[in-house]
Number of protein chains: 2
Amino acid sequence: MADSNSNVLAFTKHDHRRCKNAAIKAVELLCEERKLRLTPVRRRTLEILLESHIALGAYEVLEKLAKAGFGEKPPLVYRALGFLMEQGFVHKLEKLNAYVACVEPNRCAHPCFLVCKQCGRVAEQSVPKVSKQLAATAQQLGFSTATSVMELSGVCAQCPTEKS
Amino acid sequence: MADSNSNVLAFTKHDHRRCKNAAIKAVELLCEERKLRLTPVRRRTLEILLESHIALGAYEVLEKLAKAGFGEKPPLVYRALGFLMEQGFVHKLEKLNAYVACVEPNRCAHPCFLVCKQCGRVAEQSVPKVSKQLAATAQQLGFSTATSVMELSGVCAQCPTEKS
DNA sequence: TTTAATGTGTTATATTATAACATTAAGGTG
DNA sequence: CACCTTAATGTTATAATATAACACATTAAA
């Protein structure tokens, strides 16, 4: 029933260095293709978010940028996040007001976010069927869907379910 | 393909007074059943949100509460909204940081919100199939879903699509 | 009629995000 | 290269959203 060939990377043991490098490489390529400038702040912001699969608040990212020698004023981080989000390299979790890097920016589509409330990790699952079904349902009601937000909160396989 | 027998009330001409009264009545009944106190602030907050199908920010609601003779400090409105949301009488639109009254609090389940970016109106559509499908997909990946957020942004039937 | 629990008032502050304008850097064109 | 235009960044200020903490009041229940 799963919509695609996913492995829920974030919840699975994996070579994270590889995971991170691949994502950065993909972003670099896409920026070239799109004639966009992956400036130092933008790159570092992406790297910061790629350090783990846990979503960070804008001000957490900002602190890390500051420690890395960049500025410490809010617009710095919001601009970098804005750029990265526009390009689909980073996603915002609306329910959390937090940001997470896209792990496969080149093949990201119809994402649904699975947020573990125990460990905080976020897996991005592509759900094209569900997404299209929702849009079709809306369309039948006369509503033209432009964008959608899908976020699940729960407990991942590696975390113990809450005791009763 | 629609999941349920809905009419997308918010986007349709309807007797809004009736609509509003029915919702308040339903909430009153549910409060009795659940032995909860629908205090004046809580009731007024609900009424304010029921004035239209447009989502309001917490501070917009607060202003209206103040004009109605209630306090003007943030905790007032956040407490009222907190109570109403806990009970499912009001929903928060995460993408908008705004609040909207539930039109059918007694039969509300698996809601997906359709937000018209032209007129701002919000329709609540029950999508149990899609919702269960998402949870099932997640479950197959070892993820136990507790809560979900589904919000579509687009253009409703009554609004002109944006010109090119 | 005291008590325990719930709800409200109030002060203060935390958190998230943007507007506006000055300055600098990059890339394109003659 | 020198100029210019655009894009990006620096900076100040403030807006918008939300909660903590504690005092006081009301309710319902014992």
Side-chain angles (χ1 to χ4, degrees), chain A residues 27-28 30-46 48-49 54-87 89-100 115 120 149 151, chain B residues 27-28 31-46 48-49 54-87 89-100 120 149 151:
Chain A
V27 166
E28 283 172 348
L30 288 167
C31 282
E32 264 191 65
E33 271 179 38
R34 298 177 190 170
K35 315 254 183 218
L36 299 171
R37 293 167 53 200
L38 188 60
T39 60
V41 213
R42 289 170 177 177
R43 180 181 235 284
R44 193 78 183 95
T45 300
L46 180 65
I48 286 166
L49 289 177
I54 293 177
L56 298 180
Y59 281 75
E60 290 179 88
V61 175
L62 182 53
E63 267 186 47
K64 288 172 193 274
L65 282 173
K67 280 179 189 159
F70 295 91
E72 56 179 329
K73 311 283 173 57
L76 186 80
V77 72
Y78 282 106
R79 282 167 180 159
L81 289 172
F83 168 83
L84 295 167
M85 284 194 292
E86 255 179 34
Q87 298 304 323
F89 303 155
V90 160
H91 304 291
K92 179 175 184 185
L93 296 174
E94 298 295 344
K95 177 86 183 213
L96 255 45
N97 293 324
Y99 304 84
V100 74
V115 182
V149 173
E151 298 174 6
Chain B
V27 167
E28 283 172 349
C31 283
E32 264 192 64
E33 271 178 40
R34 299 176 190 171
K35 316 253 183 222
L36 299 170
R37 292 167 54 201
L38 188 61
T39 61
V41 212
R42 291 171 175 177
R43 181 181 235 282
R44 194 79 183 91
T45 299
L46 180 66
I48 286 166
L49 289 176
I54 293 177
L56 298 180
Y59 282 75
E60 290 179 88
V61 175
L62 183 54
E63 266 186 47
K64 288 172 193 273
L65 282 173
K67 279 179 189 157
F70 295 91
E72 56 178 331
K73 312 284 174 56
L76 185 81
V77 72
Y78 282 105
R79 282 165 179 162
L81 289 172
F83 168 83
L84 295 167
M85 285 193 294
E86 257 179 31
Q87 299 304 320
F89 303 155
V90 160
H91 304 291
K92 179 176 184 182
L93 297 174
E94 298 295 344
K95 177 89 183 208
L96 257 45
N97 292 324
Y99 305 83
V100 73
V149 174
E151 297 174 7

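Naming: A, B, ... by sequence-line order, numbering from 1 per chain.
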*How many angstroms lie between atom CG of A:Leu56 and atom CG of A:Asn97, to the nearest 0.5 angstrom?*
13.5 Å

*Minimum heavy-atom distance A:Met85-A:Lys92, with the two atoms named*: SD-CB, 3.7 Å

_Any heavy-atom pair between the side chains of A:Leu36 and A:Phe83 that's under 4.5 Å?_
yes

*Distance (rounded to the nearest 0.5 Å) between A:Lys35 NZ and A:Arg37 CZ*: 14.0 Å

*asked:* Can you list, in residue-number order, the parts of residues 55-77 of chain B that come under 4.0 Å of DNA chain C, counting heavy atoms only?
replied: B:Lys73, B:Pro75, B:Leu76

*Looking at CD1 of A:Ile54 and CG of A:Leu49, how far apart are the two atoms once the value is rounded to the nearest 0.5 Å?*
12.0 Å

_Length of the line joining B:Lys95:NZ and C:dA17:P, which is rounded to integer Å_ = 12 Å

*Which whole-number value in Å describes the distance from A:Glu94 CD to C:dT15 P?*
20 Å

*Sole residue of A:Val90, A:Leu76, A:Thr45 in side-chain contact (heavy atoms from CB on, under 4.5 Å) with A:Val61*: A:Thr45

*CZ of A:Phe89 to CD of A:Glu28: how many Å apart, nearest 0.5 Å?*
10.5 Å

*Do A:Leu30 and A:Gln87 come close enough that some side-chain heavy atom pair is under 4.5 Å?*
no

*Which is true for B:Lys35 with a 4.0 Å heavy-atom rule: it touches a base, it touches only sugar-phosphate, or it touches nothing?*
nothing

*Calculate, to the nearest 0.5 Å, the distance between atoms NZ and CG belonging to A:Lys67 and A:Leu65 respectively.*
11.5 Å

*Enter the distance from B:His91:NE2 to B:Glu151:CD here, rounded to the nearest 0.5 Å.*
11.0 Å

_Can you list, in residue-number order, the parts of residues 78-86 of chain A that come under 4.0 Å of DNA chain C, counting heavy atoms only?_
A:Tyr78, A:Arg79

*Range on DNA chain D touched by chain A - first to last nucleotide, heavy-atom distance under 4.0 Å*: D:dA8 to D:dT12

